[in-house]
Amino acid sequence: MEDKKTILKRYFSESDGWNYESFFGCDGGNHKAKLWVMAIEPGGEITEIEKAEYKTVGKEGFPYRDGGCKIPCKWEESKFDLELVDVLRYLFDSDKPDMDKEKRQEYLKYSLYNLNSPIFKLNLYPFPDANERGKSWMKEISNNWSSSIPKSKNEYYKYIKEKTNRFDFLKNQFYNSEHSKVLLLLGRSLEKHLREIFKDVTLGEGKSEKIDNLLEIRFVTLKNKKILIFSPFLSYYNFCINSASRREQLARICRRFIG
């Protein structure tokens, strides 16, 4: 295990720039978990990479954080993470009473992404951007670590996809893990990306299911029998996983595949 470091210090160097072929931008947690989760990118502001701390374990550098790691205050209020905590309660502790916001925040800070977490969390793209449609992407940021990042968010996406091996790195970490069984992909924008990334190891489609007869959950089986589950995002919008009932139904679906 390594000492805690900020994201910036761990994944950026003056000589080599950014290490995209890594877990840069991933929340991590328990890499031995059966359930891995992926979102499109981290939440929060991009400058928070200078402050947020993680530890790593293993030669692969699996990230995790514990109570000794500093995180931005806004992360403790992350709506996505708090709703993810709720999904996990339904999935692994359904016999326990509902958690109020204070208890969910405590779980988020000390348990969600630590070494004993029930999940390991990936993000397809490494940099956070809290603003819709990237309107303020890289706005007014000018320093040594930002100079090599495309100023257009679309160009940045294209660069990561075409000029780095990040996608293959993340795919191989999940696919080759001796522990992982299910990758839960949260957000419709991920589906096209991940179908392309995993197409060489895809065995076939499973039957889809609907939540509230409205939201379709789709399944893909890989050649090694691992499962990709494509789900809408955790959010308050109508066509998202936006209620306790929907979070419970999603957890019930995941439970069948995790075993």
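Start at 1 with the first residue, then count along the sequence. Atom set for the values below is all heavy atoms of this structure, side chains included, hydrogens, waters and symmetry mates excluded.
Side-chain contact annotation: Glu41 with Tyr157, donor-acceptor N/O pair under 3.5 Å present. In this model, no donor atom of one side chain and acceptor atom of the other lie less than 3.5 Å apart for Asn30 and Tyr113. A donor and an acceptor atom, one from each side chain of Gln173 and Glu60, are nowhere located under 3.5 Å apart. A donor-acceptor pair shorter than 3.5 Å can be found between the side chains of Glu48 and Trp75. Residues Ser245 and Gln249 bring a donor and an acceptor atom of their side chains to less than 3.5 Å of each other.
Within 6.0 Å of atom CD in Glu205, more than 12 heavy atoms from other residues, nucleotides or ligands are found, so the atom counts as buried in its surroundings. Counting non-hydrogen atoms of other residues, nucleotides and ligands closer than 6.0 Å to CD of Glu248 gives a total above 12. In Lys181, the NZ atom is crowded: over 12 heavy atoms of neighbouring residues, nucleotides or ligands sit closer than 6.0 Å.
The shortest side-chain heavy-atom distance between Arg195 and Phe230 falls under the 4.5 Å cut-off. In this structure, the side chains of Leu250 and Arg247 stay at 4.5 Å or more apart for every pair of heavy atoms. Residues Ile241 and Ser231 have side chains in contact (heavy-atom distance under 4.5 Å, counting atoms from C-beta outward). Using a 4.5 Å heavy-atom threshold, the side chains of Ser15 and Ser13 count as touching. The closest side-chain heavy-atom distance from Tyr20 to Phe169 is not below 4.5 Å. At a threshold of 4.5 Å between non-hydrogen side-chain atoms, the residues Lys55 and Asp3 do not count as touching. Inter-residue side-chain proximity for Val182 and Lys34 is flagged as unmet; no heavy-atom pair is nearer than 4.5 Å. Residues Leu185 and Leu194 meet the side-chain proximity criterion, which asks for heavy atoms closer than 4.5 Å.
Geometrically, Lys226 engages Phe174 in a cation-pi contact defined by less than 6.0 Å to the ring centre and at most 45° from the axis.
Checked for salt-bridge contact, Arg104 and Glu102 miss the test: no charged N lies under 4.0 Å from a carboxylate O. For Arg89 and Asp86, the salt-bridge test passes: some basic side-chain N is under 4.0 Å from an acidic carboxylate O. Under 4.0 Å is where a charged nitrogen must lie from a carboxylate oxygen, and between Glu155 and Lys158 no such pair does. Looking at Arg65 and Glu53, no side-chain N of the basic residue comes within less than 4.0 Å of a carboxylate O on the acidic one, giving no salt bridge.
Listed here is the closest heavy atom pair of Cys26 and Lys121: CB-O, 3.5 Å. Taking all atoms of both residues into account, the shortest heavy-atom contact from Pro232 to Ile217 is CD-CD1, 3.6 Å. Annotation for Arg255 and Tyr90: closest pair NH2-O, 2.5 Å, computed over non-hydrogen atoms.
The six-membered or imidazole ring of Tyr54 lies away from that of Phe62, with a centre-to-centre distance of 6.0 Å or more. Between Phe219 and Phe257, the distance separating the two ring centers is shorter than 6.0 angstrom. Side-chain rings of Phe198 and Tyr175 stay apart, their centers remaining 6.0 Å or farther from each other. Aromatic pair Trp18/Phe127: ring centres closer than 6.0 Å. Taking the six-membered ring where the residue is Trp, the centroids of Trp36 and Phe120 are separated by under 6.0 Å. Proximity of the aromatic rings of Tyr159 and Tyr125 is defined here by a centroid distance below 6.0 angstrom, and this criterion is not met. For Phe12 and Phe24, the gap between ring centers reaches or exceeds 6.0 Å.
Partner of Glu196 under the side-chain hydrogen bond (donor to acceptor under 3.5 Å, both in side chains) criterion, out of Lys192, His193, Lys199: Lys199 alone. Tested against Glu76, the residues Lys109, Lys70, Lys101 include a single salt bridge (Lys or Arg N to Asp or Glu O under 4.0 Å) partner, Lys109.
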Problem set entry | Test log, rule side-chain contact (heavy atoms from CB on, under 4.5 Å), inputs Glu216 and Arg188 | CA-CA 10 Å; Glu216 189 171 26; Arg188 288 300 186 211; 4.0 Å; yes
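Scored by the side-chain contact (heavy atoms from CB on, under 4.5 Å) test, Asp200 finds Lys171 as partners (sequence neighbours excluded).
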